[in-house]
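Worksheet for the structure shown next.
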Protein chains: 2
Amino acid sequence: MFNHAKTRQQRSIPAIGEERAAEVADLFRLLGDTTRLRIVLACLEAPVSVSEIATRLDLSLSLVSHHLRLLRAAHIVRAERQGKQVFYSAADDHIRGLIADMVDHVSETRSEDEHV
Amino acid sequence: MFNHAKTRQQRSIPAIGEERAAEVADLFRLLGDTTRLRIVLACLEAPVSVSEIATRLDLSLSLVSHHLRLLRAAHIVRAERQGKQVFYSAADDHIRGLIADMVDHVSETRSEDEHV
DNA sequence: CGCATGATTGAACATTTGTTCAAAAGTTAT
DNA sequence: ATAACTTTTGAACAAATGTTCAATCATGCG
């Protein structure tokens, strides 16, 4: 159970309290780069190797690895070695939900803009 | 109902499709700055004026205004003038849900780290 | 009108951050 | 051990971004 939105009241968010604000912002920032987000999206469905990500997204091996290091440190993706290759996948379903929600928001924002 | 996580299947996110990746990343990036996120948090409960935000967060009026302009452009906050003051509030409940979810993720990640 | 208050804007500065390149580390096979 | 392949790492560069300061706009009041 990764998401409890339906059980949340309208005005919840119980005092995120300044301290954690920085940590939360760090998470958002990591998903806030197009290249990095595309890499996460590539890891969302099934585990993929670094070279496959690089090929599919047309990025250098080095760049992909750099980004994956950051994503791994933030527990957004998980790494699993299998022979010479390292396969990456989304750390949990939480990530999936978060991204899906943001996509929804973008869609809604768009349709709002249209008939204004 | 801003969040449909529970009704989402494991492997959803129907091909966010490269195009929208940039838009989604833009949204994430806006929430990925600590100062800006604190400002959003301040607008979450009830409408607040620019000067009140600046005072409560100990930031310059100018800085707050700059950030609010970006947040407004992305439909994350709404502005409403009332006399000399301008009150800002969260654009919709979607935003609330997104932030709450991210806070959850940080919390979970933390507890994972603890007993590892 | 002239003045005070509140908010916005633009340009300059200071950091941060993404990207590249070359080198190194880990793995498997010959 | 050498060689081929995959991934990681570090330093250097280039570009984007947050912050500040001063000036301007907007609103309400004496």
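The structure displayed is predicted, hence computed values, not measured ones. Naming: A, B, ... by sequence-line order, numbering from 1 per chain.
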Handout entry: Out of C:dT20, C:dT27, D:dT19, whichever nucleotide has its closest atom nearest the side chain of A:L63
Key = C:dT20
Completion exercise
Taking D:dT8, D:dT7, C:dT17 as options, the one with an atom nearest any side-chain atom of A:L61 is D:dT7
Problem - Side chain of A:Q85 (C-beta onward), nearest among D:dT7, C:dT19, C:dT8 - result: D:dT7
Exercise for the section: Return the value, rounded to whole Å, for the distance between atom NE2 of A:H66 and atom P of C:dT16. Expected result: 19 Å
Practice task
Round to a whole Å and report the spacing from CD1 of A:I53 to C1' of D:dT7.
Solution key: 12 Å
Exercise for the section: Report the distance from atom CZ of B:R36 to atom P of C:dT16, rounded to the nearest whole Å. Expected result: 15 Å
Problem - Spatial distance of atom CG (A:L27) from atom NE2 (A:H94) [nearest 0.5 Å] - result: 10.5 Å
Exercise for the section: Look at A:Y88 and D:dT8 and indicate whether a side-chain polar atom (N or O) is within less than 4.0 Å of OP1 or OP2. Expected result: yes
Exercise for the section: Round to a whole Å and report the spacing from CD1 of B:I39 to P of C:dT8. Expected result: 11 Å
Exercise for the section: Quick one: label A:F87 by what it contacts on the DNA or RNA (base, sugar-phosphate, nothing), any heavy atom closer than 4.0 Å. Expected result: nothing
Fill in the blank from the handout: note: A:Q82, atom CD; D:dT7, atom P; distance rounded to Å ~ 12 Å
Completion exercise
Scanning both residues in full, the closest heavy-atom pair of B:F28 with A:L98 reads CZ-O, 4.1 Å
Problem - Protein-nucleotide distance (A:L59, atom CG; C:dT20, atom C1'), rounded to Å - result: 12 Å
Handout entry: Atom-pair distance (CG on B:D58; P on D:dT20), nearest Å
Key = 10 Å
Handout entry: B:R81 vs C:dA7: side-chain N/O to OP1/OP2 distance below 4.0 Å
Key = no
Problem - Integer-rounded Å distance: C:dT5 P and B:E52 CD - result: 18 Å
Problem - B:F87 with B:L68, same ILVMFWY side-chain cluster at under 4.5 Å - result: no
Handout entry: Short side-chain N/O contact to D:dA16 OP1/OP2 from B:R29, under 4.0 Å
Key = no
Completion exercise
Checking D:dT19, C:dT8, D:dT9 against the side chain of B:V86 (C-beta onward), the nearest is C:dT8
Problem - Nucleotide nearest B:H67 (side chain, heavy atoms from C-beta), chosen from D:dT19, D:dT20, D:dT8 - result: D:dT19
Exercise for the section: Go through the N and O atoms of the side chain of A:S62 and the base of C:dC21, and report whether any donor-acceptor pair is under 3.5 Å. Expected result: yes
Exercise for the section: Return the nearest nucleotide to the side chain of B:S51; candidates are C:dG6, C:dT9, D:dT17. Expected result: C:dG6
Practice task
Take A:K84 and A:L70, find for each the nucleotide of DNA chain C with the closest heavy atom, and name the residue whose nucleotide sits nearer the 5' end.
Solution key: A:L70
Practice task
Quick one: do B:L37 and B:I99 satisfy side chain to side chain contact (heavy atoms under 4.5 Å, CB included)? Show the steps, please.
Solution key: CA-CA 9 Å; B:L37 181 61; B:I99 295 176; 4.2 Å; yes
Exercise for the section: Would you sort out whether B:D101 and B:H105 count as a side chain to side chain contact (heavy atoms under 4.5 Å, CB included), showing the intermediate values? Expected result: CA-CA 6 Å; B:D101 284 348; B:H105 182 75; over 6 Å; no
